[in-house]
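Report on one structure; see the data block that follows.
Here is how names work: the chains are called A, B, and so on, in the same order as the sequence lines, proteins then strands, and each is numbered from 1.
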Amino acid sequence: MKKGNFFERVYQIVRKIPEGKVMTYGQIAKIMGTKDARNVGWALHALRHAQGEPIVPCHRVVNKDGRLAPGYAFGGPNEQKMRLKAEGVEFINEDNVDLERSLWRV
DNA sequence: AAGTTGACGACGA
DNA sequence: CTCGTCGCCAACT
């Protein structure tokens, strides 16, 4: 049994998010069959200093507010917004993604 | 080894 | 709005 199963699962799911779509931590956690949304964020956090895995579009992962944690984003909340917009994700306002349109539904 | 923290979510008060 | 609590897992101290 592998131990990093949890993280790998998170990466696997996040990697398959198509452009112009986003997923929430809770959504990912639920897909994995757990309620551990905060560890999903932790898995992404780990990517910051260890991109050992293939490219993981962590900017497509948002919290329930439709945005990343203020200040903990890969390069700043502004970076996230700019990046998602560049992929075609619609924003409801300067800080919130239009989850109704851009939430990746399986 | 044991306790605390963390890119979260949801509900209650 | 803030505060507290539970859920669940890995990393950090």
Is A/K64 close enough to B/dA10 that one of its side-chain N or O atoms is under 4.0 Å from OP1 or OP2 there?
yes

Take atom CD1 of A/I13 and atom P of B/dA7, then tell me their distance rounded to the nearest Å.
20 Å

When rounded to the nearest Å, what value does the distance between P atoms of C/dA10 and B/dA10 take?
22 Å

Assign A/A73 to base, sugar-phosphate, or nothing according to its heavy-atom contacts below 4.0 angstrom with the strands shown.
base

Just the rounded figure in Å: distance from P of C/dC8 to CZ of A/R9.
14 Å

Taking everything shown except A/R15 itself, do over 12 heavy atoms lie less than 6.0 Å from its CZ?
yes

Indicate, with a heavy-atom threshold strictly under 4.0 Å, whether A/A37 touches base, sugar-phosphate, or nothing.
base

Ignoring hydrogens and geometry, is there a side-chain-to-backbone donor-acceptor pair from A/D36 to A/N39 under 3.5 Å?
yes

Spacing between A/F7 atom CZ and B/dG6 atom C1', to the nearest angstrom
10 Å

Write down the distance between CD1 (A/I28) and C1' (B/dA7), rounded to a whole number of angstrom.
11 Å

Are A/E87 and A/K21 ion-paired here, with the side-chain N under 4.0 Å from a carboxylate O?
no

Whether the A/Q80 and A/R83 side chains hold a donor-acceptor pair (N or O, under 3.5 Å, no angle test) is what I'd like checked.
no

Ignoring hydrogens and angles, are the base of B/dG9 and the side chain of A/R38 linked by a donor-acceptor pair under 3.5 Å?
no

Would you mind reading off the distance between A/N63 atom CG and B/dG6 atom P, rounded to a whole angstrom?
16 Å

So with a 6.0 Å cut-off around OH of A/Y72, is the heavy-atom count from everything else above 12?
no

Whole angstrom is fine here: how far is it from CG in A/D36 over to C1' in B/dC8?
9 Å

d(CZ, A/R48; P, C/dA11) in whole Å:
17 Å

Exactly one of A/V62, A/L84, A/V89 should register a side chain to side chain contact (heavy atoms under 4.5 Å, CB included) with A/S102. Which one does?
A/V89

What about A/N39: does its side chain form a donor-acceptor pair under 3.5 Å with the base of B/dG6?
yes

Just the rounded figure in Å: distance from C1' of C/dC9 to CG of A/L44.
14 Å

Both distances under 3.5 Å, Watson-Crick or G-U wobble: on that basis, could you give the dot-bracket string for DNA chain B, with [ ] for crossing pairs and | for other-strand partners?
.|||||.||||||

Donor-acceptor contact below 3.5 Å, side chain A/N96 vs main chain A/D65
yes

